[in-house]
Amino acid sequence: MHQALSQLDDLTLVSNDLSQARGFTLTAIIRNEMYFLPAFLRHYRTLGVKRFIFLDDQSDDDSRAFLCAQDDVMVVESKYRFGDQIPEESGHQLGLSGERMCLMWRSLLVAKYCGGEWSLHLDADEFLSLPQGQTMEALVESFANTDATTGWAVMLDMYPTAISDLSNNPNKNSLDPDAGWYFDGRPHLALNGSDEPKMVYPGCRARILHTYHLHPRTKKIERYLPFLRPNPRAFNAIRKPILLKWSADSFFETNHRVTPSVPLPMILPLMHFKFTPHIHEKIQKVVASGQHFRGGWAYRHLDQALAAMAEHDARFLDACSVKHSGFEDFRRTGNAIGFD
């Protein structure tokens, strides 16, 4: 473990010490994720995850109690908060001066409990899709003799048919991953040799912001003359290193970049359940907390886009939308690469 990480290791056990347990491991940082957690655990148990380690950032819903009751889940906590600034000395050693503790937590979780082994690091609204019947153990075994250290995923926003479905959804208390979700069926990323994947399409959120002329990166002249920019600019990060083989020198540079990194020649499809019935509540809490990047900048713009959609009683669906039925949808649309 990097010395700077060791200096900030204040993680303390909340429940169920699985630090010495064996089996494929998933780590995650959570706060008030009860809407996702039951489905999240079911999904990853099916994929063969044997040990879950959650850092709970002071949840005040039922998330902690629910996780503490699970035999295969270990819960830890920290005296810091998600958006606290990394102490200067440790931040300087990692080149992360001024960054938030969530970066240090991500590195610390993987380094402390998964060093030298392949593991998953995810958020609670992210669901990896694999071919029918494949497990994580089998997947990592297939590249056991390579020098790779990083498996990159494409974050595919999953959405319902229309904006009205956010308020009319019968599953308001818990996520149903099989409830007829759609995604943009265009290739989002392309392999890029020894570098991180290259973005070729910026995703659903960028598309929606572009449609309603709300994209913050659109130049003023493009707003008046949209034919100058028929395709949306990038908005949110859509590539993420989720499958990691951690070394003593590894650490997260950002939430979407780890170093050092030798990428696998594949792109993993990651279902990102952003547009759920809880999206409005999530936006309000993020903006009010001030804990996220630039005070929740991306959430503020997303809120504007959803308001514009509601005003027009609009649909999320576009000509490129595909209804999700399984892994083959992602392979067919160029969003699952390297599984052949």
Side-chain angles (χ1 to χ4, degrees), residues 31-40 42-43 61-63 123-127 129 154-186 188 201-218 223 226 230-236 238 269-289 292 296-326 329-330 333 335:
R31 174 174 167 79
N32 294 344
E33 300 289 8
M34 196 59 211
Y35 176 78
F36 294 105
L37 287 173
F40 184 87
R42 286 195 301 270
H43 179 80
D61 65 353
D62 294 330
S63 294
D123 294 332
D125 58 359
E126 298 170 348
F127 287 58
S129 181
V154 53
M155 300 179 69
L156 301 164
D157 283 343
M158 310 299 288
Y159 48 83
T161 300
I163 188 71
S164 59
D165 292 327
L166 297 183
S167 56
N168 298 330
N169 193 312
N171 301 304
K172 290 185 177 181
N173 296 320
S174 61
L175 176 71
D176 180 359
D178 302 316
W181 298 90
Y182 293 82
F183 68 99
D184 281 9
R186 296 175 56 177
H188 288 55
Y201 172 68
C204 167
R205 272 174 278 171
R207 168 174 64 80
I208 292 172
L209 286 162
H210 182 77
T211 298
Y212 290 95
H213 308 292
L214 293 169
H215 200 303
R217 295 192 173 103
T218 299
R223 298 184 189 277
N231 296 313
R233 295 180 181 272
F235 174 65
N236 56 292
I238 63 168
L270 190 65
M271 296 179 286
H272 187 210
F273 288 96
K274 195 72 172 178
F275 295 101
T276 71
H278 283 209
I279 182 62
H280 296 294
E281 179 183 354
K282 174 79 170 180
I283 290 171
Q284 291 174 0
K285 288 184 176 180
V286 166
V287 172
S289 73
H292 286 65
W297 172 87
Y299 284 89
R300 293 176 190 273
H301 288 288
L302 183 58
D303 192 36
Q304 293 175 11
L306 293 176
M309 290 184 70
E311 183 179 348
H312 294 86
D313 194 22
R315 292 159 64 90
F316 285 101
L317 300 187
D318 184 72
C320 67
S321 297
V322 172
K323 190 171 185 178
H324 173 251
S325 61
D329 296 325
F330 300 130
T333 57
N335 290 296

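What you see below is based on every heavy atom in this structure, not just the backbone, and it leaves out hydrogens, waters and symmetry mates.
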Colleague: Hey, what do you get for CD (Q304) to CD1 (I283), rounding to the nearest 0.5 Å?
Modeller: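 Rounded to the nearest 0.5 Å, the CD-CD1 separation comes to 10.0 Å.
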
Colleague: What distance do D123 atom CG and R31 atom CZ have between them, rounded to the nearest 0.5 Å?
Modeller: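 The CZ atom of R31 is 15.0 Å from CG of D123, to the nearest 0.5 Å.
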
Colleague: For H210 and R233, run side-chain contact (heavy atoms from CB on, under 4.5 Å): C-alpha distance rounded to whole Å, both residues' side-chain angles, the deciding distance at 0.1 Å, then the answer.
Modeller: CA-CA 8 Å; H210 182 77; R233 295 180 181 272; over 6 Å; no

Colleague: Measuring from L214:CG to L209:CG, what's the distance to the nearest 0.5 Å?
Modeller: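 Output value for this atom pair is 6.0 Å.
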
Colleague: Decide yes or no on side chain to side chain donor-acceptor pair (under 3.5 Å) for D184 and Y159, but give the supporting numbers first.
Modeller: CA-CA 9 Å; D184 281 9; Y159 48 83; 2.5 Å; yes

Colleague: Give me the ring orientation class for Y201 and H188: parallel if the planes are under 30° apart, tilted from 30 to 60°, perpendicular past 60°.
Modeller: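 Rings of Y201 and H188: perpendicular, over 60°.
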
Colleague: Roughly how far, to the nearest 0.5 Å, is the NE2 atom of H278 from the CD atom of E33?
Modeller: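 With rounding to 0.5 Å, CD (E33) is 10.5 Å from NE2 (H278).
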
Colleague: With a 4.5 Å cut-off on side-chain heavy atoms, are P160 and F316 touching?
Modeller: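 Yes, close enough: below the 4.5 Å cut-off.
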
Colleague: side-chain contact (heavy atoms from CB on, under 4.5 Å), that's the test. Do L166 and I279 meet it? Break it down for me.
Modeller: CA-CA 8 Å; L166 297 183; I279 182 62; 3.8 Å; yes

Colleague: Can you find a pair of side-chain heavy atoms, one from I208 and one from F275, that are under 4.5 Å apart?
Modeller: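 I208 reaches F275 side chain to side chain.
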
Colleague: How close do P202 and N236 get, counting heavy atoms only, and between which atoms?
Modeller: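 Looking at all heavy atoms of both residues, the shortest contact is O-OD1, 4.3 Å.
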
Colleague: Nearest heavy-atom pair of A206 and P232: which atoms, and what distance?
Modeller: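 In terms of heavy atoms, the two residues are closest at O-CB, 3.5 Å.
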
Colleague: How close do N335 and T333 get, heavy atom to heavy atom, and via which atoms?
Modeller: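 Reported closest heavy-atom pair: ND2-OG1, 3.0 Å.
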
Colleague: Just so I know, are the side chains of L37 and S63 near enough to count as touching, which here means a heavy-atom distance under 4.5 Å?
Modeller: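 Yes; the side chains approach each other to less than 4.5 Å.
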
Colleague: Does the side-chain contact (heavy atoms from CB on, under 4.5 Å) test come out yes or no for W181 and F273, once each step is laid out?
Modeller: CA-CA 9 Å; W181 298 90; F273 288 96; 3.7 Å; yes

Colleague: Yes or no on side-chain contact (heavy atoms from CB on, under 4.5 Å) for N173 and Y35, after CA distance, side-chain angles and deciding distance?
Modeller: CA-CA 6 Å; N173 296 320; Y35 176 78; 5.7 Å; no

Colleague: Determine, step by step, whether H272 and F183 satisfy the ring pair (Phe, Tyr, Trp, His ring centres under 6.0 Å) criterion, reporting the C-alpha distance in whole Å, the side-chain angles of both residues, the deciding distance to 0.1 Å, and the verdict.
Modeller: CA-CA 9 Å; H272 187 210; F183 68 99; over 10 Å; no

Colleague: When you look at D125 and K274, which way does the salt bridge (charged side-chain N to carboxylate O under 4.0 Å, His left out) test go after all the steps?
Modeller: CA-CA 7 Å; D125 58 359; K274 195 72 172 178; 5.0 Å; no

Colleague: Mind checking the CG-CE spacing from L175 to M34? Nearest 0.5 Å is all I need.
Modeller: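 So the CG of L175 and the CE of M34 are separated by 12.0 Å.
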
Colleague: Between R315 and I163, is there a side-chain heavy-atom distance shorter than 4.5 Å?
Modeller: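 No, their side chains stay 4.5 Å or more apart.
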
Colleague: Side chains of K282 and Y299: does their closest heavy-atom pair fall under 4.5 Å?
Modeller: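 In contact.
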
Colleague: Measuring from atom SG of C204 to atom CD1 of I238, what distance do you get when rounded to the nearest 0.5 angstrom?
Modeller: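 Answer rounded to 0.5 Å: 11.5 Å.
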
Colleague: Is there a donor-acceptor pair under 3.5 Å between the side chain of D313 and the backbone N or O of A310?
Modeller: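 No; zero donor-acceptor contacts below 3.5 Å.
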
Colleague: Spell out, as yes or no, whether a donor-acceptor pair under 3.5 Å connects the side chain of N32 to the backbone of D61.
Modeller: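 Yes, because the side chain of N32 sits within donor-acceptor range (under 3.5 Å) of the backbone of D61.
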
Colleague: Would you say the side chain of T276 lies within less than 4.5 Å of the side chain of F36, judging by non-hydrogen atoms?
Modeller: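 They are in side-chain contact.
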
Colleague: Under the 6.0 Å and 45° cation-pi test, does R186 pair with F330?
Modeller: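 No - R186 does not lie over the ring of F330 by the 6.0 Å and 45° rule.
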
Colleague: Between V154 and L270, is any pair of side-chain heavy atoms under 4.5 Å apart?
Modeller: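 Sidechains of L270 and V154: no contact.
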
Colleague: Taking C-beta and beyond as the side chain, do H301 and F235 meet within less than 4.5 Å on heavy atoms?
Modeller: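 Yes, side chains in contact.
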
